[in-house]
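Let me begin by handing over the structure; questions about it come next.
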Number of protein chains: 4
Amino acid sequence: MSATSGADAGAAASEGKVPRTERGRRTLRAILDAAAAEFGEKGFHEGSISGITRRAGVALGSFYTYFDSKDAVFRALVRDMSDQVRDHVAPSLRGARDQIDAERAALQAFIGFARTHKEIYRIIDEAEFVDPASFRHHYASTAERIAARLRAGAERGELRDEVSEIHAWAIMGMNVFLGLRYSVWDEESPPEAIAEVVAQLLARGIGIDR
Amino acid sequence: MSATSGADAGAAASEGKVPRTERGRRTLRAILDAAAAEFGEKGFHEGSISGITRRAGVALGSFYTYFDSKDAVFRALVRDMSDQVRDHVAPSLRGARDQIDAERAALQAFIGFARTHKEIYRIIDEAEFVDPASFRHHYASTAERIAARLRAGAERGELRDEVSEIHAWAIMGMNVFLGLRYSVWDEESPPEAIAEVVAQLLARGIGIDR
Amino acid sequence: MSATSGADAGAAASEGKVPRTERGRRTLRAILDAAAAEFGEKGFHEGSISGITRRAGVALGSFYTYFDSKDAVFRALVRDMSDQVRDHVAPSLRGARDQIDAERAALQAFIGFARTHKEIYRIIDEAEFVDPASFRHHYASTAERIAARLRAGAERGELRDEVSEIHAWAIMGMNVFLGLRYSVWDEESPPEAIAEVVAQLLARGIGIDR
Amino acid sequence: MSATSGADAGAAASEGKVPRTERGRRTLRAILDAAAAEFGEKGFHEGSISGITRRAGVALGSFYTYFDSKDAVFRALVRDMSDQVRDHVAPSLRGARDQIDAERAALQAFIGFARTHKEIYRIIDEAEFVDPASFRHHYASTAERIAARLRAGAERGELRDEVSEIHAWAIMGMNVFLGLRYSVWDEESPPEAIAEVVAQLLARGIGIDR
DNA sequence: CATGAATGAGAGTTCATTCAT
DNA sequence: TATGAATGAACTCTCATTCAT
């Protein structure tokens, strides 16, 4: 997996030192990808710097050329994963017919993303202990994006006026747990079917029939 | 917190060695309570055996009279917390008028529980890494209990026939995240209000109007 | 195995405290036998007091009613084993036709003893580290007994006059290693055959033909 | 003592990780020598890693750069000592006039070796408990070398045809115990005198007069 | 910039011994 | 005399971080 999509490379590196040469950029990239694999597989505490450098094929000491500490690389990773989810879900919202359809598309996109990035659960969850600020930021900003969508939907008359932050957190909770159950635990059901069930629930629950 | 409520004391102790004297039982209890505090505060990896025994007011070595390892006491704790939530929520279901009301009562009870047991999030979440079997069991059995309730509601004609495991996981996800947001992060809103919002959502979403 | 043959019970107990009641004597005996099994199986350092008391079927604390320390029980055991070998070999010397025959009989008896008391090697050998005095005493006194026999044989004109302490140690060395090879490692060859080979060697080597 | 004589350095290092730099090789050497001293003086169980690193003048953690465990360094040491004896005795066999003389030379060389390497007894003996495979290998291979020499002597008509594995073990036993008595316990008698006594015994016992 | 050896604080765990009952 | 819980020193091993080359 390439842990750093263009825009994020800067964010991740900002944790450490910015490489000046092309060779340096390649090494940084290798270390970040290796860190995603290491922490995704073993978790933060069981994962080790030497495990990361071994995967990356560089010397132990080279790690500290790019990151100040084990915490620093983990923080970079958490923000990177968080941004990736956001960026992967965003496009799916564009083509939605209405707000309910947008939520359906968002859940479907998220489940798809989780199926190819199962490590996201371990990494975000462990952030609760290692980097509480990023953990909080991830969920707070995700909920805020959902809430903004709900408000917009209400203004357009597609959703009931009462929609609130509570609904946003409820929807986020559903999405996260359905992703855990139907992406990480097993992939038996198609994402479309799951998203459709939730869309029905929301359509009746907070939608306005026109 | 008393980590060992009646029925669970056996389960917890079964991890370690069963004390033969009253004095031994008091010490085991003290160690379990101290472990809940230590791990709730610092997490599994940052928490230490010596931190536990210091809180419990016993010697370091005494820990090993009751548990074989740091993992063992954590496992005992996870099962204990899991059982506690279940046992705390169960009674609230009894007085419910219908299935929607039952879910409302369950969420309200859960939020109340989480407010006095904030450590439950850290402990259950960290189980994903330390004791995956218990982590899985906790959520699988919780979802199964919800699913059973939904099926019963459908049979009584209170809920739509289409209710499924997906709905159960969606509801569990809502509850967990609303508990995180409105119990652990802050307690500004009354549990009743939150539970009411969700009840409305469910009533329209999967309820049958009579 | 009964580690304490009549006469030795006193010697062993002298390490600890002499029991006053019949019940006490039974407990002491049980602890000594359990210690022989424990140390024979696991060695001194890997063996534990709790292992001994578990085998003996008594409480941990009871051990200290009879012995002051782990070292003390081991010392008692080493002397006990040493005495047992001596006492088991002694009678075999009585019926010997001459001194060469006596050595043959001694080796044969020793190999027989070692086959039923394989733990003797582990216990005596480990005494080198745990109780050097007993270790030294065991071999010094064994060698001295052999040397005395050789001198007597020489005086009776059955052995060459030059027999010395060196011969005694050489014979002891042969016996010990043949016991290791043909009792502990495997028991394929009959003790008589091995003893006969050595007897031949000695007959020619230090015997006087008459 | 230099624990790693040319050919053995590889064998010893194969237990741990092979150093890539000259500095690393020096440190490994220092640790091995320190381990020989520590274990020779205190035995395996009483000896400690920190004792080894203190003697070697390196940090505690550096030990684990070269060996995986306390057991591993001990195993390396046992094989190293075993090889050293073999390599020290071998040259003395070359100049022997006949097979009896070869055994005399071997014993003399061994006693000489033991006087400058008294720790060999403690290390080999303790291997019985810590590294049984190496213990067995040491004595089995030593006995086999002696047996091969005896067979060769018999074929050359210098020894009786009946020489066998039993004789080999008998000779090894003599050598080991004479080394213990006249090298480790005290050095009063010259090695030549002791070896001569045994040579006489063997000459009459298994030699053929020409 | 890269390398890999060196460091040492800190953790979990063991168990002989003591002690209260 | 018997019991078993309590004690705490001591040990092995880990690994993030530093540093010399």
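The sequence lines fix the lettering, A, B, ..., with proteins before strands; numbering per chain opens at 1.
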B:Glu22 CD to F:dG4 P: how many Å, rounded?
16 Å
Looking across every strand, which nucleic acid part, if any, lies under 4.0 Å from B:Thr21 by heavy atom: base, sugar-phosphate, or nothing?
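Touches sugar-phosphate only.
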Looking at F:dT3, E:dG4, E:dT17, which one has an atom nearest to any side-chain atom of D:Arg20?
E:dG4
Please classify the nucleic acid contact of A:Gly51 as base, sugar-phosphate, or nothing, using heavy-atom distances under 4.0 Å.
nothing
Among the nucleotides E:dT7, E:dA5, E:dT3, which one has an atom lying closest to any side-chain atom of D:Arg23?
E:dA5
Of all the nucleotides listed (F:dT7, F:dC13, E:dC1), which has the minimum atom distance to the side chain of A:Tyr66?
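For A:Tyr66, the side-chain atoms sit closest to E:dC1.
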Looking only at heavy atoms, what is the nearest atom pair of A:Phe39 and A:Lys70, with distance?
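The answer is CE2-CE, 4.1 Å.
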When you measure from the side chain of D:Val58, which nucleotide among E:dC1, E:dT7, E:dG12 comes out closest?
E:dT7
Could you check whether A:Phe63 gets within reach of a base, just the sugar-phosphate, or nothing at all, counting any heavy atom under 4.0 Å?
nothing
Both D:Ser50 and A:Gly47 contact DNA chain F. Taking the nearest nucleotide for each, which residue is further toward the 5' end?
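Nearest-nucleotide comparison on DNA chain F picks D:Ser50.
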Base, sugar-phosphate alone, or nothing: which one does C:Gly57 contact when heavy atoms must sit under 4.0 Å apart?
nothing
Sugar-phosphate, base or nothing in reach of A:Leu60, heavy atoms under 4.0 Å:
base
Contact nearer the 5' end of DNA chain E, comparing D:Ser62 with B:Ser62
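Here D:Ser62 is the residue nearer the 5' end.
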In Watson-Crick or G-U wobble terms, both distances under 3.5 Å, what is the partner of F:dT7?
E:dA16
Using the side-chain heavy atoms of C:Tyr64, tell me which of these nucleotides is nearest: E:dA16, E:dA2, E:dG12.
E:dA16
Euclidean distance, atom CZ of residue B:Arg54 to atom C1' of F:dT7 [Å, nearest integer]
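To the nearest whole Å, that distance equals 16 Å.
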Any strand counts, and the cut-off is 3.5 Å on both contacts for Watson-Crick or G-U wobble. Which nucleotide pairs with F:dT21?
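E:dA2 is the nucleotide pairing with F:dT21.
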Looking at B:Lys42 and B:Ser48, would you say the former's side chain and the latter's main chain have a donor-acceptor pair under 3.5 Å?
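Pair absent, no side-chain N/O of B:Lys42 close to backbone of B:Ser48.
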Heavy atoms under 4.0 Å, any strand shown: does B:Gly61 hit a base, just sugar-phosphate, or nothing?
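The residue B:Gly61 makes base contact.
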Classify the side-chain pair D:Arg23/D:Thr27 by whether it contains a donor and acceptor separated by less than 3.5 Å.
no
Quick one: D:Glu46 CD to F:dC11 P, roughly how many Å, whole number?
9 Å
Report, as yes or no, whether the 6.0 Å neighbourhood of atom NE2 on A:His45 holds more than 12 heavy atoms from other residues, nucleotides or ligands.
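More than 12 heavy atoms, drawn from other residues, nucleotides or ligands, come within 6.0 Å of this atom.
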Remember a base hit wins even if backbone is also touched, and classify D:Ser48 as base, sugar-phosphate or nothing at under 4.0 Å, heavy atoms.
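Answer is sugar-phosphate: D:Ser48 comes under 4.0 Å of backbone atoms only.
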Taking NZ, NE, NH1 and NH2 as the nitrogens, is one of them in A:Arg122 or A:Glu119 under 4.0 Å from a carboxylate oxygen of the other?
no
Nearest of F:dA2, F:dT1, E:dT3 to any side-chain atom of C:Thr27?
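Selected nucleotide: F:dA2.
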